[in-house]
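Structure record follows, encoded as structure tokens.
First the proteins, then the strands, lettered A, B, ... as listed; each starts at 1.
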2 protein chains.
Amino acid sequence: MSPPKYKGIIFDIDGVLKRGSTPIPGAAETVRKLRGKGLRIVFLSNLSTKSRRQYVDILRNKIGIEVSPEDLVLATSATADYVAKNSSTGKVYFVGHQGLREELESHGLKIVDDPEEAEFVVAGSPFDEKGYVTEENRWKFTGAIRAILLARAKFVAVNPDKLFPGPDGKPIPGTGTFLGAITAATGVEPVIVGKPSEEIYRIALEKIGADPSEVIMVGDQLYTDIIPAKKLGLTTVLVLSGLTKKEDLEKLDAETREMIDYVFEDVRGVLKLVE
Amino acid sequence: MSPPKYKGIIFDIDGVLKRGSTPIPGAAETVRKLRGKGLRIVFLSNLSTKSRRQYVDILRNKIGIEVSPEDLVLATSATADYVAKNSSTGKVYFVGHQGLREELESHGLKIVDDPEEAEFVVAGSPFDEKGYVTEENRWKFTGAIRAILLARAKFVAVNPDKLFPGPDGKPIPGTGTFLGAITAATGVEPVIVGKPSEEIYRIALEKIGADPSEVIMVGDQLYTDIIPAKKLGLTTVLVLSGLTKKEDLEKLDAETREMIDYVFEDVRGVLKLVE
């Protein structure tokens, strides 16, 4: 008997396991079955706003998937991990939401209010889910600029995502829009930890403890999920339950099309690869 | 007797006639003497926040220079003028402060709250003088993005200035930092009306009613004052009472140095050119 081909699967969360707070049909059952076959499952999200604790809660209570923080690779936690590993003083000037703060603090980093004390600027999104700059982030444009220009702080960002659909389906700005402002003002480009950076995929592979060739990436977007995962040598699955639609596939050039190993309607299709 | 060489003078305001709200010594007296020689004086400011009414008040009460709105060419009023001339519906989605709103409305434009009704996005700075996003501008990043992406609104900016010194002398963001965010999110670059755009200089020359060769530009900055004025054929005077210091001049390349016709310690030096 030959050993099983796959040892682990990385699941993108939004558009793959849930849409908003609604589970995608078959998500919980599929994960259960895959675990039953001995596969190590890791969940990945690029959101700049939520901590692992918050995602454990969402996956358990909204989607019915039992998870522990060790099963999660989030842009927030990966960024905190990257900064903790590269920092000498641990002093961080932070832009964003409570979930990111939580991850920075749980990685032993110290949030400073004075930008000139910072060794790192860590940028998530200063905008809320309706597109307002939140009350706590109203001075953060200035703070980030001062940390970078006056304290020569290193500039790290959770993700490069410029726009999201708001509650009304219309665009609201995200981290990438904030980054555009700061780069315009300072001339400094951030290091990006979240997707499509390879950094976050490397962390996920480390958690699974397998070679890229033994791992499947399941995502709903080409630019953030399929292309970077394929470049690292993973098997790629595109599901059509999220942002990419069947008709989008017809418009792809041959080179991009070849990066998608499998296309399924939804997450249940993944079971076919491991039977 | 040969006719006088110069018919008019354009004065930049900040760093030339005042610093903050303190007049620069000799400013009022110099303007009075120049007027006494029959020169037409125009005052120019790139600030995105103030209207002509507000500047009349500042020049009169803080610096002691008697002016009427017709003597002023402001980035705010010039932008309103540009939009009024190029608009068909007059509907503007506006980002910034009360002074800009005042100019837009006094040019007959209609400020709309719904970005999707806008024909133009007019961008000043959403930041206050301490570097906070003001309460009224907290949703304006989203609004500007929606106007541009959903309503295909034209994107016009008061100035491209990315940073200013705040009350503590440290940088705070301006209009240009906001523009960096919106261009990152939408891929659209704004039309800029204020300095260093030629647009605002053309409006000043029109007011004076003279050829560029008959007009002096007095400013404290190379990039915004001297270079664009020289390119249009004006005589240029750099004063050292503002942002440019004597030691900065030594670092200039020959081509830039040649764009400065005269260097004076302060505004009083201009009198030497017209005696």
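Other residues, nucleotides and ligands place more than 12 heavy atoms under 6.0 Å from the NZ atom of B:Lys230. Other residues, nucleotides and ligands contribute more than 12 heavy atoms inside 6.0 Å of the CZ atom of B:Phe155. More than 12 heavy atoms of other residues, nucleotides or ligands shown are found within 6.0 angstrom of NZ on B:Lys154. Other residues, nucleotides and ligands contribute more than 12 heavy atoms inside 6.0 Å of the NZ atom of A:Lys245. Residue B:Asp113 places its CG atom among 12 or fewer non-hydrogen atoms of other residues, nucleotides or ligands, all under 6.0 Å distant. Within a 6.0 Å radius of CD in B:Glu255, no more than 12 heavy atoms belonging to other residues, nucleotides or ligands are found. Atom CD of A:Glu189 is surrounded by 12 or fewer heavy atoms from other residues, nucleotides or ligands within 6.0 Å.
Neither the backbone nor the side chain of B:Lys140 comes within less than 4.5 Å of any heavy atom in chain A. No part of B:Thr183 comes within reach of chain A, as not one of its non-hydrogen atoms sits under 4.5 angstrom from that chain. Interface residue B:Glu135: backbone and side-chain heavy atoms are both found under 4.5 Å from chain A.
Residues of residues 173-180 of chain B placed with any heavy atom under 4.5 Å of a heavy atom in chain A are listed by number as B:Pro173, B:Gly176, B:Thr177, B:Gly180.
Heavy-atom pairs under 4.5 Å with chain A were tallied for B:Thr134, B:Leu149, B:Leu150; the largest tally goes to B:Leu150. The candidate from B:Gly166, B:Ala184, B:Ala181 with the greatest count of non-hydrogen atom pairs under 4.5 Å with chain A is B:Ala181.
Here the straight-line distance linking atom CH2 of A:Trp139 with atom CD1 of B:Ile172 works out to 10.0 Å at 0.5 Å rounding. Atom CZ of A:Arg138 and atom NZ of B:Lys130 lie 11.0 Å apart (nearest 0.5 Å). One distance of note links CD1 of A:Ile145 with NZ of B:Lys170; it measures 14.5 Å at 0.5 Å rounding.
Smallest separation of non-hydrogen atoms from B:Ala185 and A:Leu163: O-CD1, 3.5 Å.
Ring geometry for B:Phe141 versus A:Phe141: interplanar angle under 30°, hence parallel rather than tilted (30 to 60°).
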